[in-house]
Amino acid sequence: MNKSFELTPTRVRELRAFAIAARQLNFSQAAREAGCTPSVLSRRIASLEDAVGTKLFMRTTRRVMLSARGEQLLEHCERLEQVMTDLAVDLRPQDGEPQGRLCLHMPRTYGRERMAPLVARFMALHPQIRLDVTYDDTYVDLVAGKVDLAVRVGRLADAQVVARQVGTMRRYLCASPQYLKTAPPLADPADLKLHRCIAFSGLRTGTLWQLHQQRRRRSVRIEPVMWSNDVQAVRDALLAGVGIGIMGDYMGDALVAKKQLVEVLPPWQLSESPIHLIWLPGADRVPAVRLLIDFLVQAMARP
């Protein structure tokens, strides 16, 4: 920015118009969000471009893109917006029930089976808090996704987050009684090669099933008759007698108790998966986020 650039109220309005347009990359939609006409929005952005001395957008007849300087300025704007948001939270009165809208992200099936009832309990206890809950197995960047709190099952790869382990998930092999009636004998992990196996594509080791029994470890490369990225689809195939697959305790235990599924090779186990709550550094200073973290830590604690 040149030496004459000052954050006057007019300039702040221009920066807000730019940030909205930069995220939308559609001036008509951005104008609606900014509460002005497209021509007013264009004038504000043109004035800002004049102040910084360069074009912030590259426009063709078919698309709008940010210039390199525009991308850099958007990062500054987003940091400024976060500072203003944090300031508003820090300066508001602290008495009374915490309020606000939080974004919560968790794995699709585990979230629905184990977390959804807890979320409902939290909402009943704290009706002033609004939750935007996403159930999705794909990795989400907390910054890019604007996520306040996430539930992760498995090893953590992001060192830039704060993590609190709240439990573990046991995983084991199982099949339906009807499948096992006519299936080949199964007394050793190596026997899995003789069986019809169902694979979950989200498993970190893929088709390499790694089992352990005390200090003994065995790895078996299976040739699945079915792949799926949906744990519920794997469960349904197991219940239908298609073959052998891996179930997490949050879904499999109830089916085993009802004798709809049978745990196979019970001395052999798969490694347990840790379950974490994760958030960005400083996010827990927001009262509503802190309240949700504390509630889930207590609710997910083993009796």
Side-chain angles (χ1 to χ4, degrees), residues 1-90 100-108 130-150 152 156-162 201-202 229 278-283 285-286 289:
M1 296 180 181
N2 59 35
K3 294 182 179 179
S4 64
F5 192 95
E6 296 180 10
L7 281 178
T8 63
T10 298
R11 196 67 72 209
V12 170
R13 186 167 59 245
E14 293 170 355
L15 286 168
R16 179 174 180 271
F18 161 75
I20 293 172
R23 286 190 283 261
Q24 294 277 6
L25 292 179
N26 182 304
F27 275 35
S28 296
Q29 293 178 7
R32 285 194 292 270
E33 183 175 339
C36 64
T37 64
S39 60
V40 169
L41 182 84
S42 295
R43 285 198 297 272
R44 290 175 182 174
I45 292 174
S47 176
L48 182 63
E49 290 177 331
D50 182 66
V52 300
T54 187
K55 289 291 184 182
L56 301 174
F57 292 91
M58 296 183 294
R59 309 180 209 184
T60 68
T61 56
R62 294 188 175 183
R63 61 184 303 192
V64 177
M65 297 176 57
L66 282 173
S67 66
R69 191 70 176 91
E71 291 178 349
Q72 185 182 42
L73 182 58
L74 178 59
E75 292 179 1
H76 288 303
C77 288
E78 289 179 338
R79 285 198 294 269
L80 179 61
E81 289 171 350
Q82 186 61 54
V83 169
M84 297 303 292
T85 299
D86 292 344
L87 183 62
V89 170
D90 289 342
R101 180 176 294 275
L102 307 181
C103 180
L104 177 61
H105 186 281
M106 47 189 143
R108 181 168 49 198
R130 304 288 184 263
L131 290 182
D132 179 1
V133 186
T134 299
Y135 297 90
D136 188 1
D137 288 330
T138 59
Y139 171 85
V140 63
D141 181 278
L142 300 190
V143 176
K146 298 181 180 179
V147 175
D148 296 293
L149 184 67
R152 291 269 171 86
L156 296 178
D158 191 346
Q160 305 303 315
V161 299
V162 181
S201 59
N229 66 342
I278 65 169
W279 60 91
L280 292 172
R285 292 200 299 267
V286 178
V289 176

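Every heavy atom of this structure was used, including side-chain atoms; hydrogens, water molecules and symmetry mates were not. All residue numbers in this chain count up from 1 along the given sequence.
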From [X] [atom1] over to [Y] [atom2], what is the distance, rounded to the nearest 0.5 angstrom?
{"X": "Leu15", "Y": "Arg44", "atom1": "CG", "atom2": "CZ", "answer": "12.0 Å"}
{"X": "Phe18", "Y": "Leu73", "atom1": "CZ", "atom2": "CG", "answer": "4.0 Å"}
{"X": "His76", "Y": "Leu80", "atom1": "NE2", "atom2": "CG", "answer": "10.5 Å"}
{"X": "Ile45", "Y": "Glu14", "atom1": "CD1", "atom2": "CD", "answer": "9.5 Å"}
{"X": "Cys77", "Y": "Leu48", "atom1": "SG", "atom2": "CG", "answer": "7.5 Å"}
{"X": "Arg43", "Y": "Cys36", "atom1": "CZ", "atom2": "SG", "answer": "9.0 Å"}

If every non-hydrogen atom of [X] is compared with every non-hydrogen atom of [Y], which pair is closest and at what distance?
{"X": "Ala31", "Y": "Leu41", "value": "N-CD2, 3.9 Å"}
{"X": "Glu71", "Y": "Leu66", "value": "CG-CB, 3.7 Å"}
{"X": "Arg16", "Y": "Glu33", "value": "NH2-O, 3.9 Å"}
{"X": "Gly145", "Y": "Cys103", "value": "O-SG, 4.4 Å"}
{"X": "Leu280", "Y": "Val162", "value": "C-CG2, 4.4 Å"}
{"X": "Leu142", "Y": "Arg152", "value": "CD2-NH2, 4.3 Å"}

For a quick check under 3.5 Å, do [X] and [Y] share a side-chain donor-acceptor pair by atom type?
{"X": "Thr138", "Y": "Asp136", "result": "yes"}
{"X": "Gln72", "Y": "Arg69", "result": "yes"}
{"X": "Ser39", "Y": "Thr37", "result": "yes"}

Working note: Met106 + Leu104, criterion side chain to side chain contact (heavy atoms under 4.5 Å, CB included); need CA distance, chi angles, decisive distance, verdict. CA-CA 7 Å; Met106 47 189 143; Leu104 177 61; 3.6 Å; yes
Walk me through whether Asp148 and Val286 qualify under side chain to side chain contact (heavy atoms under 4.5 Å, CB included). CA-CA 10 Å; Asp148 296 293; Val286 178; over 6 Å; no
In this structure, are over 12 heavy atoms from other groups packed under 6.0 Å from Arg79 atom CZ?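 Counting other residues, nucleotides and ligands, CZ of Arg79 exceeds 12 neighbours.
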Give a yes or no on whether a salt bridge exists between Arg108 and Asp137, defined as a side-chain N under 4.0 angstrom from a carboxylate O.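 Yes, charged N to carboxylate O under 4.0 Å.
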Taking Arg23 first and then Glu81, would you say they form a salt bridge - that is, a charged N and a carboxylate O separated by under 4.0 Å?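 Glu81 and Arg23: salt-bridged.
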Looking only at atom types and distance, does a side-chain atom of Ser67 sit under 3.5 Å from a main-chain N or O of Met58, one as donor and one as acceptor?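 Flag not set: sc Ser67 to bb Met58 has no pair under 3.5 Å.
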Check: Gln24 main-chain N/O paired with Gln29 side-chain donor or acceptor under 3.5 Å: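 No; judged by distance alone, with no hydrogens or angles, the pair does not exist.
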Side chain to side chain contact (heavy atoms under 4.5 Å, CB included) between Asp132 and Leu102, worked out: CA-CA 6 Å; Asp132 179 1; Leu102 307 181; over 6 Å; no
For a side chain to side chain contact (heavy atoms under 4.5 Å, CB included) check, start with the C-alpha distance between Tyr135 and His105, then their side-chain angles and the critical distance, and finish with the verdict. CA-CA 6 Å; Tyr135 297 90; His105 186 281; over 6 Å; no
